Amino acid sequence: MDKLLIIGTGLLGSRIIEMASEEFEIVNTYNKNPVDLQSTVSHQLDITNQTMTFKLIKELNPDYTIHTAAHTGVDYCEVHGSEAYSVNVTEARNVSETSGEIGAKLVYISTDYIFDGAKGR
Ligand SMILES: NC(=O)c1ccc[n+]([C@@H]2O[C@H](COP(=O)([O-])OP(=O)(O)OC[C@H]3O[C@@H](n4cnc5c(N)ncnc54)[C@H](OP(=O)(O)O)[C@@H]3O)[C@@H](O)[C@H]2O)c1
């Protein structure tokens, strides 16, 4: 079985684990909220800790990574811009680069809350 790493196990990550568990060996990460799912092996990871992020991805050595860790509260992100940028941009890029280094294919889930700063959504 190919190994699938789910980074972030919120609404989307948990559902993917449920759906993909028969076809993949699944490992996942959570930050503050562990999940109680039998079909995965969980690891705690704060992706703003770049050293741990690089280390864990390399140790787990997945064939595929689905990156679902994000600050998803739009209002929170508006107020905490640098924190949101760190998790949603800088660390997403680090996950992407590390996945590339080990040859894992990466799936990144974007958002429909995208606008150019001038016009509305
Ligand atoms: N749900 C949707 O309908 C939908 C639609 C379009 C796009 N998306 C995109 O899909 C992605 C996931 O959405 P979601 O609905 O699953 O969000 P969610 O339920 O809020 O889950 C976000 C996850 O990110 C993790 N996370 C936050 N900060 C972290 C950090 N510093 N280190 C590690 N993990 C961290 C959280 O971990 P802990 O809880 O363990 O702290 C949580 O598991 C987002 O990029 C979102 O924009 C979702």
Side-chain angles (χ1 to χ4, degrees):
M1 269 187 172
D2 284 341
K3 188 188 272 188
L4 172 62
L5 168 62
I6 314 283
I7 298 184
T9 315
L11 189 66
L12 182 66
S14 306
R15 188 74 183 110
I16 293 172
I17 291 171
E18 287 170 7
M19 293 182 71
S21 60
E22 288 186 8
E23 289 180 53
F24 295 91
E25 174 193 350
I26 299 184
V27 286
N28 78 288
T29 75
Y30 65 92
N31 183 24
K32 295 179 181 159
N33 300 293
V35 285
D36 186 18
L37 293 169
Q38 292 180 341
S39 48
T40 181
V41 177
S42 292
H43 300 264
Q44 197 280 330
L45 175 69
D46 179 348
I47 59 168
T48 61
N49 183 332
Q50 292 184 7
T51 308
M52 282 306 298
T53 304
F54 286 136
K55 187 166 177 283
L56 187 65
I57 293 175
K58 285 183 176 170
E59 271 175 18
L60 294 174
N61 195 27
D63 299 290
Y64 303 94
T65 299
I66 304 182
H67 185 64
T68 74
H71 273 305
T72 54
V74 175
D75 293 338
Y76 183 90
C77 291
E78 295 266 347
V79 177
H80 303 88
S82 1
E83 187 187 342
Y85 192 89
S86 168
V87 171
N88 293 355
V89 180
T90 309
E91 307 314 336
R93 184 171 56 224
N94 288 335
V95 167
S96 169
E97 288 174 357
T98 309
S99 298
E101 279 179 33
I102 62 165
K105 292 201 181 340
L106 177 79
V107 176
Y108 175 71
I109 311 299
S110 187
T111 174
D112 50 358
Y113 282 95
I114 293 175
F115 57 96
D116 65 7
K119 291 184 284 185
R121 287 175 59 194

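Values in this document were obtained by computation on a predicted structure and should not be read as measured data.
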State the [atom1]-[atom2] distance between [X] and [Y], to the nearest 0.5 angstrom.
X     : Y      : atom1 : atom2 : value
Glu97 : Ile102 : CD    : CD1   : 13.0 Å
Leu37 : Ser42  : CG    : OG    : 7.0 Å
Thr40 : Glu18  : OG1   : CD    : 11.5 Å
Leu45 : Asn31  : CG    : CG    : 7.5 Å
Ser14 : Met19  : OG    : CE    : 13.0 Å
Leu60 : Thr29  : CG    : OG1   : 9.0 Å

I need the minimum non-hydrogen distance between [X] and [Y], along with the two atoms involved.
X     : Y     : value
Ala84 : His71 : CA-CD2, 4.1 Å
Asp63 : Asp2  : OD2-CA, 3.3 Å
Ile47 : Ala69 : CD1-CB, 4.1 Å
Asn94 : Phe54 : O-CE2, 4.0 Å
Ser39 : Ile26 : O-CB, 3.8 Å
Ala70 : Val87 : CA-CG1, 3.9 Å

**Prompt:** Looking at residues at least two apart in the chain, or sitting in another chain, which of them share a salt bridge (charged side-chain N to carboxylate O under 4.0 Å, His left out) with Lys3?
**Reply:**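 Lys3 satisfies salt bridge (charged side-chain N to carboxylate O under 4.0 Å, His left out) with no other residue.
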Between [X] and [Y], is any pair of side-chain heavy atoms under 4.5 Å apart?
X     : Y     : answer
Leu56 : His43 : yes
Ile57 : Ile7  : yes
Gln50 : Thr90 : yes

Answer yes if [X] and [Y] sit in the same cluster of Ile, Leu, Val, Met, Phe, Trp and Tyr residues linked by side chain heavy atoms under 4.5 Å apart, and no otherwise.
X      : Y      : result
Leu12  : Tyr30  : no
Ile6   : Val107 : yes
Ile109 : Leu4   : yes
Ile17  : Val27  : no
Tyr64  : Ile16  : yes

**Prompt:** Any donor and acceptor pair, going by atom type alone, linking the side chain of Ser86 with main-chain N or O of Ser82 inside 3.5 Å?
**Reply:**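 Checking the backbone N and O of Ser82 against the side chain of Ser86, no donor-acceptor pair under 3.5 Å is found.
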**Asked** Taking Thr68 for the side chain and Gly8 for the main chain, is one N or O donor matched with an acceptor at less than 3.5 Å?
**Response** yes
**Neighbour count >12 (heavy atoms, 6.0 Å) for atom CE, Met1** =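 More than 12 heavy atoms, drawn from other residues, nucleotides or ligands, come within 6.0 Å of this atom.
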**Message:** Does Gln38 have more than 12 heavy atoms from other residues, nucleotides or ligands lying within 6.0 Å of its CD?
**Reply:** no
**Asked** Going by the angle between their ring planes, with limits at 30° and 60°, are Tyr108 and His67 parallel, tilted or perpendicular?
**Response**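 The arrangement is parallel - the two ring planes meet at less than 30°.
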